[in-house]
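In listed order, ligands and their atoms are each counted from 1. Values reported hereafter were calculated over all heavy atoms of this structure, with side chains retained and with hydrogens, waters and symmetry mates removed. Everything quoted here is computed from the prediction, not taken from an experiment.
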Amino acid sequence: MKIKFSKMHGLGNDFIILNNIDLSLELTTEIIQKLSDRKFGIGCDQLLVVEPASDGQSDFFYRIYNSDGSEAGQCGNGARCFISFLHLQGLSNKSKVKLQTNTRVIDGQIINPSVVEVNMGNPDFKPENIPLNLFEASNYEFKFDNQLIQFTAASMGNPHAVIRIATPEILVDNEYLTKIGSMLQQSPIFPESVNVNFMFVENEGQLRLCTYERGSGLTLACGSGACATAAVAVRDGLVRQKVKVIMPGGELEINWTDAGLLMTGEAIHVFDGEIEI
Ligand SMILES: N[C@H](CCC[C@H](N)C(=O)O)C(=O)O
């Protein structure tokens, strides 16, 4: 079966986007892994699928798969590209769009053809909603190479752990990030695994972030990670409510308003294609 796709990215966090509004596509884990494979397929961090909404209030269902085939409840950079895709494909001409995921409903707005703002909602710090098998606390700690490492946890509709690092050099030590990230992901305290965010606070208006994502590993940017990290930093009094989050692939503006965490950033169309599945 031949299928059409769009390739898009937000700050180098890259996506294959498919239109499955008629629910004709049978996307097995094997097909998702093959499409996501950067050698044998098209290649992406996440595969995003347009489906009809089922909640009676949203415009579309926004389904999210990681490159390993696992399904996720949120993808911030992907949401901006998904909304831009809806316009590029003529699936919507509304400047404001409501999206249903399997964990949350989010509202997005086209600012211009390559910039989208999404209200990602509020963080949920309750361990049972992350999920995290620990008692409620603002900080948790674990041992790594005889070093005590602290983290906090929040859900943005997908699970996030946030580790504050002392020097920005750690953000380019991919071996260290991968070791810690995969260790936390495999820990029984995160029964649904976790996206691991490494945060360096530059000043009260700027954070640096690198994320070891659940199901995709190190990515160039993570929108839901930027939101979870900004929320933790604001809650801990480290930054102002409106903060620039700088990641290897670029930067996002995160503004924690009374309405929720507003994430504004690019949504870039790279190419369209067809592939046999
Ligand atoms: N890149 C995404 C994160 C995908 C989340 C996924 N890795 C998971 O929760 O399993 C973002 O921009 O928010």
ask   = Any N or O on Gln46 sitting closer than 3.5 Å to an N or O of ligand 1?
value = yes
task = Measure across Leu11 and His9 and return the closest heavy-atom pair with its distance rounded to 0.1 Å.
result = N-ND1, 3.4 Å
inquiry  = Closer than 4.0 Å to some heavy atom of Ala72 - which atoms of ligand 1 meet that?
reply    = 6 (C), 8 (C), 9 (O), 10 (O)
key: Shortest non-hydrogen separation from Thr152 to Arg235 and the atoms involved   = OG1-NH2, 3.1 Å
inquiry  = Using the side chain to side chain contact (heavy atoms under 4.5 Å, CB included) criterion, which residues pair with Phe271? Sequence neighbours excluded.
reply    = Phe5, Lys7, Ile42
key: ligand 1 contacted by Thr219 (non-hydrogen, < 4.0 Å)   = no
ask   = Heavy atom of Asp45 under 4.0 Å from ligand 1?
value = no
note = Distance col, row Ile111:CD1 vs Gln109:CD, nearest 0.5 angstrom, shows 4.5 Å
request  = Specify the protein heavy atom at minimum distance from atom 6 (C) of ligand 1: its residue, its atom name, and the distance to 0.1 Å.
outcome  = Asn66 OD1, 3.2 Å
request  = Looking only at protein heavy atoms, identify the closest one to atom 4 (C) of ligand 1 and say how far it is in Å.
outcome  = Glu213 OE1, 3.3 Å
query = Does one side chain, of Ser84 or His269, offer a donor that lies under 3.5 Å from an acceptor on the other?
reply = no
message = Counting non-hydrogen protein atoms only, what is the nearest one to atom 13 (O) of ligand 1? Give residue, atom name and distance.
response = Ser224 OG, 2.5 Å
task = Tell me, yes or no, whether the heavy-atom count around Glu175 atom CD, taken from other residues, nucleotides or ligands under 6.0 Å, exceeds 12.
result = no
query = By number and element, which atoms of ligand 1 are closer than 4.0 Å to a non-hydrogen atom of Gly76?
reply = 11 (C), 12 (O), 13 (O)
query = Just by distance, do the side chain of Asn66 and the backbone of Arg214 share a donor-acceptor pair under 3.5 Å?
reply = yes
query = Short N/O distance, under 3.5 Å, between Gly223 and ligand 1?
reply = yes
message = Given 3.5 Å as the limit, does a donor-acceptor pair link the side chain of Gln185 with the main chain of Ser193, or not?
response = no
request  = May I ask you to identify the nearest protein heavy atom to atom 9 (O) of ligand 1, giving residue, atom name and distance to one decimal place in Å?
outcome  = Asn195 ND2, 2.9 Å
inquiry  = Could you check whether any side-chain heavy atom of Glu253 comes within less than 4.5 Å of a side-chain heavy atom of Lys244, counting everything from C-beta outward?
reply    = no
ask   = Which protein non-hydrogen atom lies closest to atom 2 (C) of ligand 1, naming both residue and atom, and how far is it?
value = Cys75 SG, 3.3 Å
note = Per-atom filter on ligand 1: closer than 4.0 angstrom to a heavy atom of Asn158 are 5 (C), 9 (O)
query = Just checking, is any N or O donor in the side chain of Gln241 or Asn255 under 3.5 Å from an acceptor N or O on the other one?
reply = yes
query = Against heavy atoms of Asn77, which atoms of ligand 1 measure under 4.0 Å?
reply = 11 (C), 12 (O)
query = Are any of the heavy atoms in Cys222 under 4.0 Å away from ligand 1?
reply = yes
query = Got an N/O contact under 3.5 Å between Gln74 and ligand 1?
reply = no
ask   = Do Glu213 and Gln46 have side-chain atoms, one donor and one acceptor, less than 3.5 Å apart?
value = yes
query = To the nearest 0.1 Å, how far is atom 10 (O) of ligand 1 from its closest protein heavy atom, and which atom is that?
reply = Arg214 NE, 2.6 Å
key: Asn13 contact mode with ligand 1 (heavy-atom cut-off under 4.0 Å)   = side chain
